[in-house]
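Following: one structure in structure tokens, then a few remarks.
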Amino acid sequence: MFAGHYAAALAAKAAEPRAPLWTYVVGCQLIDIGWGALIMTGAERVSFDASLPGSALVLEHMPYTHSLPASILWSLAAALAVRGALKLPWRAAVFVGLTVFSHWLADLLVHRPDLELWFGGTKVGLGLWNYPVPEQAVEIGLLAVAGAAWAWTRAREGAGAWGAPVFLGLLVGVQILAMVLPAGEDPAGMGGMAIAVYLILAAAAWAVERKGAARPLPAVT
Ligand SMILES: [Zn+2]
């Protein structure tokens, strides 16, 4: 699941535009940013099996990022952080928190059972990765619907015309690259690569919003 996570970010932005786009874009992958860092330190573990359908990832151990209680804690922390640091209205902060939690729900849909319901407890996952074509269709479909809603709200606010197609094109490009590139073999390298991609997309989201900022309406005298 890659593009599908961003569908949640764009849907949240369309529904509650008062949080900056980059907070939603970081938020939808915050749990994976933490995962990348913990994979690099060895606190969480992944291995690779290229014979698996959909994704070669064997996610053996990730209690601090992808267990249900951990993801709830990450979501609460993110909501409080944007409320405190960016002085966002409560509703916008809650939407950022919900976007963080959406990561776990989307992962639940596609992962094979590797998400702990409790620290060290039962592992769940509906395993849509085992059906790669429907899995890709769900991800791209969600991104198309949420991306259209987001682009529509941007147009209504008078934002620039290019930002939405460029950002959506970037997401689809990364999705295709992830599909065609060979499966990794080096967990630490994969963790670092994942963090780099997520941060580049966050920077792109920041730039899109900055460039596309609505021009203030001329004052009526
Ligand atoms: Zn994840």
Side-chain angles (χ1 to χ4, degrees), residues 1-12 22-49 52-79 96-132 135-136 138-140 142-143 146 171 174-175 177-179 181 183-184 186-202 205:
M1 175 69 72
F2 169 77
H5 289 305
Y6 290 94
L10 298 180
W22 71 264
T23 61
Y24 288 127
V25 164
V26 170
C28 77
Q29 295 285 24
L30 185 64
I31 283 171
D32 267 14
I33 292 172
W35 172 81
L38 293 185
I39 289 295
M40 291 173 83
T41 66
E44 296 199 340
R45 289 193 307 275
V46 65
S47 60
F48 305 93
D49 179 350
L52 288 172
S55 164
L57 298 180
V58 181
L59 296 154
E60 294 147 12
H61 183 67
M62 42 179 197
Y64 313 113
T65 57
H66 282 73
S67 66
L68 178 58
S71 63
I72 291 171
L73 291 175
W74 283 82
S75 307
L76 288 173
V96 172
L98 289 173
T99 304
V100 175
F101 189 65
S102 75
H103 183 99
W104 194 83
L105 294 176
D107 275 0
L108 176 67
L109 180 66
V110 300
H111 281 215
R112 291 174 274 267
D114 52 31
L115 304 164
E116 292 178 357
L117 282 179
W118 185 247
F119 299 113
T122 311
K123 291 184 177 180
V124 291
L126 299 174
L128 197 55
W129 270 342
N130 293 330
Y131 309 92
E135 197 275 333
Q136 289 293 332
V138 167
E139 284 202 59
I140 298 291
L142 288 173
L143 184 67
L171 291 175
V174 176
Q175 178 85 355
L177 270 183
M179 252 190 284
L181 288 178
D186 164 32
M190 157 123 209
M193 175 78 138
I195 292 177
V197 169
Y198 299 147
L199 294 185
I200 287 168
L201 286 165

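For ligands, and for the atoms within them, numbers begin at 1 and follow the listed sequence.
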Exercise. Is the count of non-hydrogen atoms from other residues, nucleotides or ligands lying under 6.0 Å from Tyr131 atom OH greater than 12?
Worked result: no
Exercise. Can you tell me if CE on Met193 sees more than 12 non-hydrogen neighbours from other groups inside 6.0 Å?
Worked result: no
Exercise. Do you see a donor-acceptor pair shorter than 3.5 Å between the side chains of His103 and Asp32?
Worked result: yes
For this session: Return yes if some donor-acceptor pair links the side-chain N/O of Glu135 with the main-chain N/O of Val110 below 3.5 Å, else return no.
Result: no
Exercise. How many protein N, O or S atoms are found at a distance of less than 2.8 Å from the Zn ion (ligand 1)?
Worked result: 4
Problem set entry | Stepwise side chain to side chain contact (heavy atoms under 4.5 Å, CB included) check, Leu98 with Tyr24 | CA-CA 10 Å; Leu98 289 173; Tyr24 288 127; over 6 Å; no
For this session: Flag yes if more than 12 heavy atoms outside Trp129 fall under 6.0 Å of its CH2 atom; otherwise flag no.
Result: yes
